[in-house]
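Below: one structure, written as structure tokens.
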Amino acid sequence: ITKPVVVILHGINNDASFGYIRSLMKACTGRGWVAAGYNFRGCGGVPLRTPRGYTGAYTGDLRCTINNIVKRMADTNVPIFIVGNSLGANLITKYLGEEGRAGTLPPNVAGGIALGNPLQIHSNNMHFPWAEILGMGVKKMILMHWRAFRKVTALDHKAAIHKALMSRTIGQL
């Protein structure tokens, strides 16, 4: 890869096909850059192949993706930018902090943009109707991928799935 790369992460209950992701991708490719819409595990119609969905805390998938892109870059002077929206903003902020602190941030990663980062991601301060809508989206994702989630054997994970399905709002998850 010889052109700048922009990796764009979506928000909760969305995927890379949403208009705001496609619009940003179009703006980037219009400048001659490579733009990649990034789907979290189980999003965008891609079957979940493991009983692990996406979360606002797990950065391993993003780390693996960025490292694979870096391997394909022509040299370390070709930049990679990461843009996150909402939950995606939380993930890139966490990823950049973890990699920066550990001194393992690939040299190609020139920066990140966090748009609408949920500052109180674990709070119960979200109000009607948004708390209910986001909670329904999480339940929908679990049910859409029930074939993978039913393979969970750890009791604490089973309890977390049960709690998510019984929760009324995202704050109760």
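Side chains included, hydrogens not; waters and symmetry mates left out as well; all remaining heavy atoms used.
- Residue Val34 is not grouped with residue Val83 when hydrophobic side chains (ILVMFWY) are merged at heavy-atom distances under 4.5 angstrom, including chains of intermediate members.
- Environment of NZ in Lys94: crowded, with over 12 heavy atoms of neighbouring residues, nucleotides or ligands closer than 6.0 Å.
- The backbone N or O of Ala16 lies less than 3.5 Å from a partner atom in the side chain of Asn39, making a donor-acceptor pair.
- Between Phe40 and Leu91 the shortest side-chain heavy-atom distance falls below 4.5 Å.
- Summarising the geometry of Ala74 relative to Thr2, their closest heavy-atom pair is CB-CG2, 3.8 Å, with the distance given to 0.1 Å.
- Note: Tyr58 OH to Arg52 CZ = 4.5 Å, rounded to the nearest 0.5 Å.
- Taken to the nearest 0.5 Å, the CG atom of Asn108 stands 9.5 Å off from the CD1 atom of Ile1.
- In this structure a side-chain-to-backbone donor-acceptor pair under 3.5 Å is present from Thr29 to Met25.
- At a threshold of 4.5 Å between side-chain heavy atoms, the hydrophobic network of Ile, Leu, Val, Met, Phe, Trp and Tyr places Ile113 and Leu24 in one connected group.
- By the 4.5 Å heavy-atom criterion applied to side chains, Ile170 and Trp130 are not counted as neighbours.
- Nearest heavy-atom pair, Ala89 versus Thr93, reported as atom, atom and distance to 0.1 Å: O-OG1, 2.8 Å.
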Return a table of donor-acceptor pairs under 3.5 angstrom between the side chains of residues 133-161 and protein atoms on other chains or two or more places apart.
| unit_1 | atom_1 | unit_2 | atom_2 | d |
| --- | --- | --- | --- | --- |
| Lys139 | NZ | Ser167 | O | 2.5 |
| His145 | ND1 | Leu48 | N | 3.2 |
| His145 | NE2 | Gly42 | O | 2.7 |

Decide side-chain contact (heavy atoms from CB on, under 4.5 Å) for Asn85 and Ile8; before the verdict, give the C-alpha distance in whole Å, the side-chain angles of both, and the deciding distance to 0.1 Å. CA-CA 8 Å; Asn85 296 277; Ile8 306 163; 3.9 Å; yes

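- Applying side chain to side chain contact (heavy atoms under 4.5 Å, CB included) to Met166 and the options His162, Lys163, Arg168 leaves one that passes, His162.
- Between the side chain of Arg31 and the backbone N or O of Ala27, at least one donor-acceptor pair lies under 3.5 Å.
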Determine, stepwise, if the pair Cys64 / Asn68 fulfils side-chain contact (heavy atoms from CB on, under 4.5 Å). CA-CA 6 Å; Cys64 181; Asn68 282 320; 3.6 Å; yes

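- Looking at heavy atoms from C-beta onward, Val109 lies in side-chain contact with Leu96 at the 4.5 angstrom threshold.
- A continuous path of Ile, Leu, Val, Met, Phe, Trp and Tyr side chains, each step under 4.5 Å between heavy atoms, connects Leu87 with Tyr38, placing both in one hydrophobic cluster.
- The side chain to side chain donor-acceptor pair (under 3.5 Å) with Arg63 is formed by just one residue from the set Asp61, Thr59, Asn67, Thr65; it is Thr59.
- No chain of hydrophobic side-chain contacts below 4.5 Å, direct or via other Ile, Leu, Val, Met, Phe, Trp or Tyr residues, connects Val78 to Val6.
- Put simply, CD1 on Ile80 and OG1 on Thr76 are 10.5 Å apart, with the number rounded to the nearest 0.5 Å.
- Residues Pro106 and Ile66 have side chains in contact (heavy-atom distance under 4.5 Å, counting atoms from C-beta outward).
- In this structure a side-chain-to-backbone donor-acceptor pair under 3.5 Å is missing from Asn90 to Ala57.
- Ring-plane geometry between His10 and Tyr54 is classed as perpendicular, the angle between the planes exceeding 60 degrees on a 0 to 90 degree scale with a lower cut at 30.
- With rounding to the nearest 0.5 angstrom, the CG atom of Asn117 is 8.0 Å from the OG atom of Ser86.
- Atom CG of Asp15 is separated from atom CD1 of Ile21 by 8.5 Å, given to the nearest 0.5 angstrom.
- In the hydrophobic clustering of ILVMFWY residues, with side-chain heavy atoms under 4.5 Å counting as a link, Leu115 and Ile12 come out apart.
- Looking only at side-chain heavy atoms (C-beta outward), Ile82 and Leu9 come within less than 4.5 Å of each other.
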